[in-house]
Amino acid sequence: MEKAKISASQLFILMVLFELGSSLLVPIAMDIKQDAWLAILLGMVGSFVLFLVYNKLHSYYPDLLPTEYMQKIMGKGIGTVLAFVYILYFMYDAARVLRDFGAMLLTSAYPETPLFIAHTLLMLVIIYTIRKGIEVVARSGEILFIFMYIFAISGFVLIVCSGLIEFTNLQPVLEEGVLPVLKVAFTQTIYFPFAEAIVFTMILPYLKDQKKAKLTMLCATGLSGINLTITMLINISVLGVDLTARSQFPLLSTVQSIQVADFLERLDVFFMLALVIGGFIKINVLLYAAVIGTANLFKIKSPSRLSYPLGFVILFMASTIASNFQEHLHEGLKVEMFILHMPILGIIPPLLLLVAFLKNRKKQRG
């Protein structure tokens, strides 16, 4: 492990930016139309249970990375395979987020730029940050967090001043009953974006005050969940259900609608900066987890050396992950939920906790 420490406030900021990340960008939970905000809220509440599982696992092995304690819980063979699966998952997730933001930049601002060039420029900055260590990533998050919320608050004020909000677009609430909302919440929004923050179990050993880990994780998830709920409410009330569902990037479409006093308009490029901040931090955290996990698993003494090879693997994956953005969205919001997110985020950790609990109780009896 790197010899570094981060504070609870830095962990809080990284988690908020991570969870906002690409979830601000793409249309989530639109299967249930105007009730999408409810599914986000319920997904946030459901994720609290998963975070308690992740934190309890960490409390059994506070000084170890998950790649280490998986081997202690499940044995060398199965534990090593599981650790490798999680490293691959972090890299795959980073590639998906990179593709999200590459597509957004090309669609909204740089239509003539090759996708690979946009990916490469962003990835080189991320690799440079990773080489400097987790403390630099955390300090970068503190600075970018301020800018992110300046953009968010000013955007909210401008949307209200524009008179764009139509609350009738949010009606009727629970048009098809509560079951569709629960289904989407517990098969989609609980995993994307909230439970993706399982990656922070790779960072918890660096926390100065381990007692603050649980409260910090829950508070960060609560804030990001409320922010995402408000964003979805605004998107639907401004654009309507159909346009929100059809738009590749609903928040940008909402911002494009802003027109105040006949001179404040076309602010989408300005707000793209806020979205890029979230993506930058999310990819940073995922790549960092992959780097230290790989170094730990294969006993590599200098983890920073892995940032270039793993970064370029993610770069290649992002460019080849799907033939077009619609296919990419379909894979991420439909197929991937059941194949990757559900077992990796929702099934394996509780099983690990159960085995760890039984082993721990046996030790106490012994």
Side-chain angles (χ1 to χ4, degrees), residues 19-47 93 96-97 99-101 103-104 107-108 152 155-156 159 164-196 224-257 268 271-272 274-275 278-279 282 321-322 324-342 345:
E19 290 182 349
L20 292 177
S22 54
S23 50
L24 280 175
L25 197 61
V26 297
I28 54 176
M30 287 311 296
D31 292 352
I32 48 173
K33 301 176 182 177
Q34 66 270 15
D35 292 326
W37 65 274
L38 268 174
I40 293 170
L41 211 53
L42 287 173
M44 175 196 76
V45 174
S47 71
D93 204 15
R96 292 202 62 84
V97 178
R99 181 63 178 264
D100 287 337
F101 283 89
M104 184 268 288
T107 303
S108 306
F156 178 76
I159 288 168
L164 295 169
I165 295 176
E166 293 285 345
F167 288 113
T168 52
N169 290 334
L170 298 168
Q171 298 172 342
V173 178
L174 296 176
E175 182 180 14
E176 297 178 13
V178 73
L179 284 179
V181 176
L182 290 172
K183 181 183 175 184
V184 170
F186 292 104
T187 60
Q188 292 183 31
T189 53
I190 191 173
Y191 302 116
F192 175 74
F194 301 111
E196 280 184 305
S224 57
I226 291 166
N227 287 340
L228 285 172
T229 302
I230 292 170
T231 301
M232 183 55 74
L233 284 167
I234 290 172
N235 286 341
I236 295 173
S237 60
V238 171
L239 301 175
V241 171
D242 291 339
L243 191 54
T244 304
R246 290 201 310 270
S247 176
Q248 287 184 335
F249 310 112
L251 183 57
L252 280 180
S253 299
T254 300
V255 171
Q256 284 172 347
S257 306
D268 47 312
F271 285 95
M272 279 168 59
L275 295 170
K282 188 166 186 176
I321 211 164
N324 57 62
F325 192 68
Q326 289 304 322
E327 182 185 318
H328 169 74
L329 275 183
H330 176 74
E331 286 177 5
L333 298 176
K334 307 290 182 187
V335 180
E336 189 183 290
M337 289 294 173
F338 300 99
I339 297 174
L340 286 178
H341 287 322
M342 200 172 285
L345 307 178

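The shown structure was predicted, so the numbers you read here are calculated from the model rather than taken from an experiment. One is the number of the first residue; the rest follow in order along the sequence.
Atom CD1 of Ile230 sits about 10.0 Å away from atom CG of Leu41, to the nearest 0.5 Å. Considering CZ of Phe167 and CG of Leu233, their distance stands at 8.5 Å, rounded to 0.5 Å. Interatomic distance, CD1 of Ile40 versus CG of Asn227, reported as 11.0 Å (0.5 Å rounding). Expressed to the nearest 0.5 Å, how far CG of Asn324 lies from CG of Leu329 amounts to 9.5 Å. From Ile165, atom CD1 reaches atom OG of Ser237 across 5.0 Å, with rounding to the nearest 0.5 Å.
For the side-chain contact (heavy atoms from CB on, under 4.5 Å) test, residues two or more places apart in sequence or in another chain that qualify with Leu340 are Tyr89, Tyr92, Glu336, Ile344. A search for side chain to side chain donor-acceptor pair (under 3.5 Å) contacts involving Ser247 returns Ser253, not counting sequence neighbours.
Pro27 approaches Gln248 most closely through the heavy-atom pair CD-O, 3.5 Å. Taking both residues in full, the closest heavy atoms of Thr189 and Ala29 are given as CG2-CB, 3.8 Å, listed atom of the first, atom of the second, then distance. The nearest pair of heavy atoms linking Ser108 to Leu252 is OG-CD1, 3.3 Å. Heavy-atom minimum distance, Thr244 versus Ile236: OG1-CA, 3.8 Å. Between Ile190 and Phe194, the shortest heavy-atom contact is O-CB, 3.7 Å. Residues Val26 and Pro250 approach most closely at C-CD, 4.1 Å, considering heavy atoms.
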Output, in order, the C-alpha distance, side-chain angles, deciding distance and verdict of side-chain contact (heavy atoms from CB on, under 4.5 Å) for Tyr191 and Ser47. CA-CA 8 Å; Tyr191 302 116; Ser47 71; over 6 Å; no
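Remark: side-chain polar atoms of Arg246 are not paired, donor with acceptor, to backbone N or O of Val241 under 3.5 angstrom. Judged purely by atom type and a 3.5 angstrom limit, Thr107 has no side-chain atom pairing as donor or acceptor with the backbone of Met104. A donor-acceptor pair is defined here as one N or O able to donate and one able to accept, closer than 3.5 Å; such a pair exists between the side chain of Arg99 and the backbone of Ala322. Within the 3.5 Å criterion, the main-chain N or O of Val173 finds no donor-acceptor partner in the side chain of Asp35.
Within the 4.5 Å cutoff, side-chain heavy atoms of Pro193 are placed close to those of Leu228. Inter-residue side-chain proximity for Leu251 and Leu25 is flagged as unmet; no heavy-atom pair is nearer than 4.5 Å. Between Leu38 and Leu174 there is a side-chain heavy-atom pair separated by less than 4.5 Å. Here the side chains of His328 and Ile321 are in contact, with some heavy-atom distance below 4.5 Å. Taking 4.5 Å as the limit, every side-chain heavy atom of Gln188 sits out of range of all side-chain heavy atoms of His341. At a threshold of 4.5 Å between non-hydrogen side-chain atoms, the residues Asp93 and Glu196 count as touching.
A donor atom on one side chain and an acceptor atom on the other are not found under 3.5 Å apart for Gln171 and Gln34. With no hydrogens or angles considered, a side-chain donor-acceptor pair links Asn235 and Thr254 at under 3.5 Å.
For the pair Lys282 and Glu19, the salt-bridge criterion is not met [side-chain N within less than 4.0 Å of a carboxylate O].
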